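What follows is a single structure, written as structure tokens, with notes after it.
What you see below is based on every heavy atom in this structure, not just the backbone, and it leaves out hydrogens, waters and symmetry mates. On a predicted model such as this, the values are computed, not experimentally measured, just so you know.
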Amino acid sequence: MVRSVSQIFSLNGAILVCVLLVVGLPIVTVLAHLFMHGDGSFVHLAQTVLPRYVINSIWLIVGVGIGTFLLGTGAAWLVTMNAFPGRALFEWALILPLAVPAYVLAYAYTDFLQVSGPVQSLIRSLTGLGPRDFYFPEVRSLGGAILVFILALYPYVYLAARAAFISQCECVVEASRTLGCSPSKAFYRVAMPMARPALAAGVALALMETLADFGAVSYFGVQTFTTGIYRTWFSFGDRVAAAQLASVLLGFVALLMLLERLSRRKARYHDTSRRVRPLGIQRLAGWRGWLAAAACFLPLFLGFVLPAIILGHLAFKGGDAQFGARYLALVENTVGLAAITACLAVVLAVFISYAVRMGATPLTRLTARVAGLGYAIPGSIIAVGVLIPLAWFDNWLDSLTRAQFDYSTGLLLTGSITALVFAYLVRFLALAQQTTRAGLDKITPSMDAASSTLGVGRLQTLLRIHGPLLKGPLFTAFLLVFVEVMKELPATMIMRPFNFDTLAVQAHNLAADERLAEAATPALTIVIVGLIPVYILSRLIGESRPGQRRRALWPGLKAVSSAFRRRYPAFANR
């Protein structure tokens, strides 16, 4: 008890308490409504549509989880372990669907596959059949939503899996091969279990994004928790019932995390080998190589190339007439918000994850779990959870300065860039935290013990030893937060300052007015702006292969060696 109290009042404990209070404030605001009495809407929802919300959400979790896992893991293994035609292109191009919002994919495929779209029109022209004379799958359905989410979110799993496969050493696979494992068995029995933390993190991020999405499921008419939350809040005007639905949604996410942790139990996935020779590349010749190329091209084509062609055609045929100087301001606003939020999210994620690694106290575990819950809450609920306490603080400060100094401060935080970045951090901190934790889990604790024995402090260990090893995961976390902030819509619309728009807001406003051709212009701009960090990240992950990782390992090894010489000069001089 004394030890836990002393930890709480230490510097690290104080910082963790501050992070917990700040990040958890909107979530606590939402959860506090569980104990309030609303207008009775929640009881009505529980008796009528809540079972449908649960069933649809479960189908989305199962379908998107299986689809993103298969696509992301399979593509990552192909481009990491095999040589085939176009492999160098697919290494970075498979990340491109990450820059396309799910609701944009929904708009594009609806225009492409609907009755009046080019696909069904071509079928009718070739066969002479009428619109009702043949069966064609309905894109605006639960199955269509699952397909859209898989195509939009598989890069989460691909990025995490590729970074994990690259960091594995060939000696581990060689040991399995000497014991009689074929390449496929070595993949299933050795490579995938070692990459499990990264794979679980990628799938969890994709599922949380699926559960919190509103644009795609609303456009497809699929009733989920998010559509119920929006309808209850904005149509019924019952914020208590909406917050109670959001709490049930949080329970879904917490259950997913708990099941993954229980299935892992006390298993650890550190690479304890001292050999850093990179994994051998197997050359696929003939039809096997072209089959691998086709397997990588299919998700890229469906998730990026085809939607880009559709949107490009719409933009060329009837794009936004205001394209020009106004879009430069929109790009500046979007990129500025994304960069600031991504940097802050990575810093907070490193601090929280490293605190958990150094000592998994109840405080650190609680902070990590609360920081990871915000991603499951819809952006509008996060915005309201931020606005309520900030508005109270602004009003309190204004009344205080009026009474003491006869001066009105006005609204300092509400409706400002600071409040908007705060909402983004609460919403997307889980992205940076999951990726950072997966990277730290791959670093064996013996390195921490060695640096501590040699007198290297925790901060120096993090900066000089773990930092170079975490270069790939940290840039991955930065990219994920950067791209997600660029695509974020509900929180931006509610909390943005007056006369401050982003590309996502512009695209939504045009699409909401059924001006899809004009909405294609800002949607394509989002994709183009996101291509630069995507390409840089892919290059950085490619440079982190074990054969090239020696350069990243060298600063950490040099730091430990220097500390050893300072601590034991007599032994070092021998």
Can you name the closest pair of heavy atoms from [X] and [Y] and give their distance?
X	Y	value
Gly303	Tyr109	N-OH, 4.5 Å
Leu153	Thr68	C-CG2, 4.0 Å
Gln433	Ile352	NE2-CG2, 4.2 Å
Ala504	Met486	CB-O, 3.6 Å
Gly65	Leu207	N-CD2, 3.6 Å
Pro97	Pro299	CG-O, 4.4 Å

Open item on the list: Holding to side-chain hydrogen bond (donor to acceptor under 3.5 Å, both in side chains), I want the full list of residues that pass it with Arg52, two or more places apart in sequence or in another chain.
Closed with: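 Gln223.
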
Flag side-chain contact, heavy atom, 4.5 Å: [X] against [Y]:
X	Y	value
Leu105	Pro307	yes
Leu479	Phe475	no
Val346	Val481	no
Leu50	Phe225	yes
Leu211	Ile61	yes

TODO: Check the pair Phe90, Leu78 against side chain to side chain contact (heavy atoms under 4.5 Å, CB included), reporting the backbone distance first and the verdict last.
DONE: CA-CA 10 Å; Phe90 292 127; Leu78 284 176; over 6 Å; no

Drop me the distance from [X]'s [atom1] to [Y]'s [atom2], to the nearest 0.5 angstrom.
X	Y	atom1	atom2	value
Cys343	Leu348	SG	CG	11.5 Å
Asn82	Leu284	CG	CG	4.0 Å
Leu300	Leu89	CG	CG	7.0 Å
Phe220	Asp213	CZ	CG	10.0 Å
Leu94	Trp92	CG	CH2	10.0 Å
Leu524	Ile310	CG	CD1	11.0 Å

Task: Ion pair Arg427/Glu484, N-O distance below 4.0 Å - done: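 Answer for the salt bridge query: no.
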
Open item on the list: Over 60° means perpendicular and under 30° means parallel, so tell me whether Phe428 and Tyr424 are parallel, tilted or perpendicular.
Closed with: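 Aromatic pair Phe428/Tyr424 classed tilted.
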
Open item on the list: Using 30° and 60° as the class boundaries, would you call the ring planes of Tyr107 and Tyr219 parallel, tilted or perpendicular?
Closed with: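 Geometry flag for Tyr219 against Tyr107: perpendicular rings.
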
Task: Under 3.5 Å: donor-acceptor pair, side chain of Arg162, backbone of Thr80 - done: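 Pair absent, no side-chain N/O of Arg162 close to backbone of Thr80.
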
Open item on the list: For Leu70, is there any backbone N or O sitting under 3.5 Å from a side-chain donor or acceptor partner on Tyr154?
Closed with: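 Such a contact is absent between Tyr154 side chain and Leu70 backbone.
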
- [ ] Determine, for Phe84 and Arg288, whether the Lys NZ or Arg CZ falls below 6.0 Å from the six-membered ring centre while staying within 45 degrees of the axis.
- [x]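 Pair Arg288/Phe84 does not count as cation-pi.
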
Open item on the list: One pair to check against side chain to side chain contact (heavy atoms under 4.5 Å, CB included): Leu71 and Tyr158. What are the steps and the verdict?
Closed with: CA-CA 8 Å; Leu71 277 184; Tyr158 171 77; over 6 Å; no

- [ ] Please report the C-alpha distance between Phe482 and Val335 in whole Å, then the side-chain angles of each, then the deciding distance to 0.1 Å, and finally whether the side chain to side chain contact (heavy atoms under 4.5 Å, CB included) criterion is met.
- [x] CA-CA 8 Å; Phe482 185 93; Val335 172; 4.1 Å; yes

